[in-house]
Amino acid sequence: MPNQTVRVRFAPSPTGYFHLGSARTALYDFLVARHYNGRFIVRIEDTDRTRYQPDAIPDLLEGLRWLGLWWDEGPEVGGDYGPYYQSDRLPFYQEYAEKLVREGKAYRCYCSPERLEALRAEQRAAGLPPGYDRHCRYLTQQEIAHYEAQGIRPVIRLAIPTEGVTEFDDFLRGHIVVENSLLDDFVLLKSDGFPTYHLAHVVDDRLMEISHVLRGDEWLPSAPRHVLLYRAFGWEMPIHVHLPVILDPSGKGKLSKRKKVLPDGREQFTYIHDFRRAGYLPEAMVNFLALVGWSYDGQTEFFSRDQLIRCFTLEGISKSPSALSYEKLEYMNAAYIRNLGVNDLTGRLLWVFTQQGFQADFDTVFRLTPLIRERIKTLNEAIQWVDFVFTDDFTYDPALLIQKGMDIPMTATMLRAALEALEPLEAFDEPAIEAALREMGARLGVKTGTFLGTLRVACTGKQVAPPLFGTLSVIGKQRVLSRLRRALSALGGLAQ
RNA sequence: GCCCCCAUCGUCUAGUGGCCUAGGACACAGCCCUUUCAAGGCUGCGACAGGGAUUCGAAUUCCCUUGGGGGCACCA
């Protein structure tokens, strides 16, 4: 390590929105940095101008902030190792690439994309591994002059050893050895003057004094190239940790970036902002994500962010890829919702209701919160549970009023009985409602479930709703009475 | 095609040679509680991919097979 301080960077490329897989990497970066009392750095790797997507960056930063992964250095906060956008660091890459050319460790390549394409096609056809044939590695001065005269803008390639092996250590996977003959002279600097990932990240990790590199497993095969690059520069390599990929819930293949629609009609999200909009809690997301590829003791699974910082170690990261379990996420989100204080949950629910265009006020939601807290897996589900509180304009099939074993006359009797029981109530609170209704139910001689079932449909329009007594109290006496009358007349309509 | 990585219940995992008749969690099933639905409690179902080798003893070490994943760009 170049120094004693742990410095970890999250280095996303703004080619798409903030993805679940990136979020996991960012979380681990964050946790490593915080656990070892180091620095968490965000660096934007925007060296691909063709795939660049401007709104990816705000999406990313918002996502990080939402998850509570605050960074010490990077966009918007600056730092001593800036700039933190690679597009602002072009001179560095050019300088270092030139240095290697001067030292004979890299060379200019004038091959056209067409030639390279044809070469690859040939190699594939011949069953050979595709790779650059080093055509320009041994050019004479005349040939170079000839190409230059044509005005061709060259790329710069690293001249790698054609024999021997390259070896390195991955923190999780141990010692890895690769034949150099399998590697090719890869591009460091593109013809537009922008660096490739290989050059840019090596230079930046060095200049920013990064101590640990956490990145996806898909980088493992190109790690030897990076080793060779570090060696060409004469630099020591940071500790590398190649994280297991996150698999699709089916366990087949990488988590796709496209939204998938599950058989039950729900969407399978992959972007962080989708989870946010769907009413997932950031603390649940963090907890869940931490466990995708990491475990503490195999027993404990609820961790606050601070506990994660305390417990997280690189040793706990697993080597094998893991399939995403949306059920587990929902379970965990529900658990976090249940553990929220009523005030806290109320605030979050109020936001959701308001967002969805409901005329909700804190007081009403506050009374609703305990009634639905144990029933919702996401904040947004609250809407389906209690929408009838905020509007009288809902419809239902009057046939639902008639409970199992009941008929129209009996149902009408129950509705009238409820009116009779509730009308005289002074305080329309839960205990009063419960007492009145239970007494009336007993007097009618019907089962409580049957009686309340009819009232539930009448007052909420649903067969499944939060506990009735509390719900009625929130709806309010006058509205309850009018809903009961409305049910009665709907029942009358059924009779004809 | 070539290269790399991985391999315990359906899924996420604990396990680092004897404590394992393999532990926990999600999901699933049953029961209890109960005004519906949840939540909660209890119980159940359920795995060391296969074959060799090392060892007194292997889920744990080594090899092979198989399976899965990833990579082979002037993309990251």
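No experiment lies behind these values; they were computed from the predicted model shown. Quick note on labels: first sequence line is chain A, next is B, and so on, each numbered from 1.
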For [N], take OP1 and OP2 only and decide whether either is under 4.0 Å from a side-chain N or O of [X].
{"X": "A:Ser222", "N": "B:C72", "value": "no"}
{"X": "A:Thr196", "N": "B:A76", "value": "no"}
{"X": "A:Ser322", "N": "B:U13", "value": "yes"}
{"X": "A:Lys190", "N": "B:C75", "value": "yes"}
{"X": "A:Ser295", "N": "B:A14", "value": "yes"}
{"X": "A:Arg338", "N": "B:G40", "value": "yes"}
{"X": "A:Arg157", "N": "B:C74", "value": "yes"}

Just call it for [X]: base, sugar-phosphate, or nothing, with non-hydrogen atoms closer than 4.0 Å on any strand.
{"X": "A:Cys111", "value": "base"}
{"X": "A:Pro466", "value": "base"}
{"X": "A:Pro195", "value": "sugar-phosphate"}
{"X": "A:Thr300", "value": "nothing"}
{"X": "A:Pro12", "value": "nothing"}
{"X": "A:Phe469", "value": "base"}
{"X": "A:Gly293", "value": "sugar-phosphate"}
{"X": "A:Val155", "value": "base"}
{"X": "A:Ala323", "value": "sugar-phosphate"}

Would you kindly give the [atom1]-to-[atom2] distance between [X] and [N], to the nearest whole Å?
{"X": "A:Met332", "N": "B:A27", "atom1": "CE", "atom2": "P", "answer": "11 Å"}
{"X": "A:Leu255", "N": "B:G69", "atom1": "CG", "atom2": "C1'", "answer": "13 Å"}
{"X": "A:Ile317", "N": "B:A14", "atom1": "CD1", "atom2": "C1'", "answer": "17 Å"}
{"X": "A:Glu330", "N": "B:A39", "atom1": "CD", "atom2": "C1'", "answer": "16 Å"}
{"X": "A:Asp185", "N": "B:A73", "atom1": "CG", "atom2": "C1'", "answer": "15 Å"}
{"X": "A:Asp184", "N": "B:C72", "atom1": "CG", "atom2": "P", "answer": "11 Å"}
{"X": "A:Leu220", "N": "B:C4", "atom1": "CG", "atom2": "P", "answer": "10 Å"}
{"X": "A:Lys254", "N": "B:C6", "atom1": "NZ", "atom2": "P", "answer": "18 Å"}

**Request:** By nearest nucleotide on RNA chain B, pick out whichever of A:Val177 and A:Gln463 is the more 5' one.
**Result:** A:Val177
**Message:** Nearest heavy atom decides the nucleotide; on that basis, is A:Arg120 or A:Tyr197 closer to the 5' end of RNA chain B?
**Reply:** A:Arg120
**Asked** When rounded to the nearest 0.5 angstrom, what distance separates CZ in A:Phe269 from CG in A:Leu329?
**Response** 10.5 Å
**Asked** Just how far is it from atom CZ of A:Arg9 to atom CZ of A:Arg43, taken to the nearest 0.5 Å?
**Response** 5.0 Å
Polar side-chain atom of [X] near backbone of [Y] as donor-acceptor pair, under 3.5 Å:
{"X": "A:Tyr28", "Y": "A:Ala290", "result": "yes"}
{"X": "A:Lys105", "Y": "A:Leu158", "result": "no"}
{"X": "A:Asn333", "Y": "A:Leu281", "result": "yes"}
{"X": "A:Arg157", "Y": "A:Tyr107", "result": "no"}

[N] pairs with, by Watson-Crick or G-U criteria that keep both distances under 3.5 Å:
{"N": "B:C48", "result": "none"}
{"N": "B:U16", "result": "none"}
{"N": "B:A29", "result": "B:U43"}
{"N": "B:C72", "result": "B:G1"}
{"N": "B:G67", "result": "B:C6"}

Using the side-chain heavy atoms of [X], tell me which of these nucleotides is nearest: [options].
{"X": "A:Pro130", "options": "B:U35, B:A73, B:A25", "answer": "B:A73"}
{"X": "A:Ser13", "options": "B:A25, B:U11, B:A76", "answer": "B:A76"}
{"X": "A:Thr448", "options": "B:G69, B:A76, B:U35", "answer": "B:U35"}
{"X": "A:Val464", "options": "B:U35, B:C37, B:C26", "answer": "B:C37"}
{"X": "A:Ile176", "options": "B:G24, B:C4, B:A73", "answer": "B:C4"}
{"X": "A:Pro467", "options": "B:C74, B:A76, B:U36", "answer": "B:U36"}
{"X": "A:Arg51", "options": "B:C26, B:C37, B:A76", "answer": "B:A76"}
{"X": "A:Pro221", "options": "B:G71, B:G69, B:C72", "answer": "B:G71"}
{"X": "A:Glu327", "options": "B:G1, B:C26, B:U36", "answer": "B:C26"}
{"X": "A:Tyr331", "options": "B:U36, B:C26, B:U13", "answer": "B:C26"}

**Request:** Anything under 30° is parallel, anything over 60° is perpendicular, the rest tilted; go ahead and classify A:Phe390 against A:Phe353.
**Result:** tilted
Inter-nucleotide [atom1] distance ([N], [M]), Å rounded:
{"N": "B:G41", "M": "B:A7", "atom1": "P", "value": "33 Å"}
{"N": "B:C19", "M": "B:U35", "atom1": "C1'", "value": "50 Å"}
{"N": "B:U16", "M": "B:A53", "atom1": "P", "value": "26 Å"}
{"N": "B:C26", "M": "B:U21", "atom1": "C1'", "value": "25 Å"}
{"N": "B:A39", "M": "B:C62", "atom1": "P", "value": "44 Å"}
{"N": "B:U55", "M": "B:A49", "atom1": "P", "value": "23 Å"}
{"N": "B:C6", "M": "B:C63", "atom1": "P", "value": "12 Å"}
{"N": "B:U8", "M": "B:A59", "atom1": "P", "value": "15 Å"}

**Request:** List for me each residue that meets side-chain contact (heavy atoms from CB on, under 4.5 Å) alongside A:Ser22, sequence neighbours excluded, and say none if there are none.
**Result:** A:Phe10, A:Phe18, A:His19
**Prompt:** Residues in side-chain contact (heavy atoms from CB on, under 4.5 Å) with A:Leu182, at least two apart?
**Reply:** A:Glu179
**Item:** Quiz item: A:Arg173 side-chain donor-acceptor pair to B:C5 base, under 3.5 Å
**Value:** no
**Asked** Do A:Ser320 side-chain and B:C6 base share a donor-acceptor contact under 3.5 Å?
**Response** no
**Asked** Distance only, no hydrogens: is a donor on one side chain within 3.5 Å (strictly under) of an acceptor on the other, for A:Glu45 and A:His201?
**Response** no
